[in-house]
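Each ligand, and each atom within it, is numbered from 1 in the order the structure gives. All values below come from the heavy atoms of this structure, side chains included, with hydrogens, waters and symmetry mates left out. For reference, positions follow the sequence shown, starting with 1.
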Amino acid sequence: MSVLVIGAGVIGLCIARALHRRGYGEITVVERGLIGREASWAAAGMLAPGAETLAADEHYRFCAASNQLYTPFAEELLDDTGVDIELNNHGTMFVAFTEEETAALDGRYDAQSKIGISVERVSAAEARRAEPNLSSNIAGALYFPDDRQVENRKLLKALELYARKNGISIVEYVEVTQLAMNGNQIVGVIAGDRTFRAELTILATGAWTSLIKIGSERMPIVVIPIRGQMIAFDGAAHLTRRVIYSSRGYLVPRRDGRLLAGATVEDVGFEDEVTVDALDSQRIAAEEILPGLKGQAVSDQWSGLRPYAPDSLPVIGRIDGIDGLIVATAHYRNGILLAPITAEVVAEIAAGGTPDLSVRAFSPDRFSTTTRSAAK
Ligand code: FAD
Ligand code: GLY
């Protein structure tokens, strides 16, 4: 079967790989810009179902299941491409500074431990023994031993190499504007004066998904961009072994010595500029958490547009009444984490399978009556 994957972010590239591994021979990925340079490139790479979710709902289970897939996924990518995606298993330390933040962590601990999420309560002294460069002003912490992180830019490199080595075509600088229809069947895509035909089309177009037309109609899916800005400090990763999370931001150490600090959550449309305000507030928050950063210059600043649906859940599946199309978008703050499981689910749907009940909560059909709303 011929397949078109529109969008070469982590989601599109993972789906292309999953389909190739299942024997699909004719796969083409069509990308508006350069491969892997949008949200997936901007991300912090945390695999943090503990620190980044609260309830034991479908979304948490999806996140936790994808986290489990990462160990074999990283090993397979290393074998297949020689690229080490730097899976780091040191867990996340979620710190509190004020009484209010401590109370919020207590509530989180009660809710999460009750439902079996791996979370440990840690005193300020214990947290500082584990991470000696943490501020002496912290009041307490939670530790999530199962949370991890990867170097998402290496992940994109590995997925690109996998595609190139295995005959998956990648077409860059081609913007799809419309899905081509024949009756209720999607038969490919239209990009300017070019048409690409395929039996199956997969939309993995991130924050831009709602801009694409289905035939002459609007896309019946609401996805908006939510900007995230981040900064980095060179040569500062030695200040923490673990990812440090807090209500004021997070810090992520990288093997190349960079320490990343992020991220803003801004509803500013498709504006992807970086701002001085974000740089200042992120530097101040980072220094508050790790005072050893004081005086250290910010070496880089960037931004990305997270794909966000109004209920903050991913959008994965077929659209009722339309054949030959699968959508996989709106992974919002967890697209790196959710890429392996999304690819598995899409491959299962492509093969005619029905996703289980929890994945059906992410169905594109839930948008028939929703409207745009602000991000949380
Ligand atoms: P993208 O990477 O944006 O890819 C979509 C691609 O589709 C783009 O390359 C785009 O050019 C292309 N495209 C769009 N429209 C068209 C078209 N019409 N024609 C052709 N191509 C098109 N997630 C985590 O799991 N952990 C984190 O720590 C984390 N941190 C983050 C920090 C920041 C600052 C940001 C911004 C995001 C973060 N995320 C994180 C979220 C994660 O980055 C996203 O959820 C994920 O990258 C979405 O992947 P994607 O492939 O859907 O989107
Ligand atoms: N998951 C981190 C972020 O979206 O900022």
Show me which atoms of ligand 1 lie under 4.0 Å from any heavy atom of [X].
X	result
M46	24 (C), 25 (O), 26 (N), 27 (C), 28 (O)
G206	5 (C), 52 (O), 53 (O)
V174	19 (N), 20 (C)
N334	23 (N), 24 (C), 25 (O)
G335	23 (N), 24 (C), 25 (O), 41 (C), 42 (C), 44 (C), 45 (O), 46 (C)
E175	18 (N), 19 (N)
G228	34 (C)
I212	18 (N)

Cation-pi between [X] and [Y]: NZ/CZ under 6.0 Å from ring centre and within 45° of the ring axis?
X	Y	result
R248	F97	yes
R153	W302	yes
R242	Y143	yes

message: When you compare ligand 1 with G33, is there at least one nitrogen or oxygen pair between them that comes in under 3.5 angstrom?
response: no
- prompt: For S40 and ligand 1, does the shortest N/O to N/O distance drop below 3.5 Å?
  reply: yes
Heavy-atom nearest neighbour in the protein, as seen from [atom], with distance rounded to 0.1 Å:
atom	value
atom 6 (C) of ligand 1	E31 OE1, 3.6 Å
atom 30 (N) of ligand 1	A44 N, 3.1 Å
atom 43 (O) of ligand 1	A39 O, 3.1 Å
atom 45 (O) of ligand 1	Y332 O, 2.8 Å
atom 52 (O) of ligand 1	I11 CG1, 3.5 Å
atom 38 (C) of ligand 1	A43 CB, 3.6 Å
atom 1 (N) of ligand 2	R333 O, 2.7 Å
atom 18 (N) of ligand 1	V176 O, 2.8 Å

Whether the [X] and [Y] side chains hold a donor-acceptor pair (N or O, under 3.5 Å, no angle test) is what I'd like checked.
X	Y	answer
H59	T53	no
R148	N89	yes
E266	Q229	yes
T98	E100	no
E288	S135	no

Salt-bridge contact [X]-[Y] (side-chain N to carboxylate O under 4.0 Å):
X	Y	answer
R258	E151	yes
D256	R254	no
E344	R22	yes

Which bit of [X] is near ligand 1, meaning a heavy atom under 4.0 Å away: side chain, backbone, both or neither?
X	result
M230	side chain
R333	backbone
W302	neither
A339	neither

task: Give a yes or no on whether D320 atom CG has more than 12 heavy-atom contacts from other residues, nucleotides or ligands under 6.0 Å away.
output: no
Side-chain heavy atoms of [X] within contact of [Y], under 4.5 Å:
X	Y	answer
R32	E38	yes
L337	N67	yes
V3	V5	yes

Does some non-hydrogen atom of [X] fall short of 4.0 Å from ligand 1?
X	answer
G262	no
V30	yes
G45	yes
W41	no

- prompt: Nearest to atom 13 (N) of ligand 1 by heavy atom, L338, I226, T205: which?
  reply: T205
query: Does the gap between the ring centers of Y245 and F144 come in under 6.0 Å?
result: no
- prompt: Within less than 4.0 angstrom of ligand 2, does Y332 place any heavy atom?
  reply: no
- line: Quick note on ligand 2: atoms under 4.0 Å from a heavy atom of A263 include exactly 5 (O)
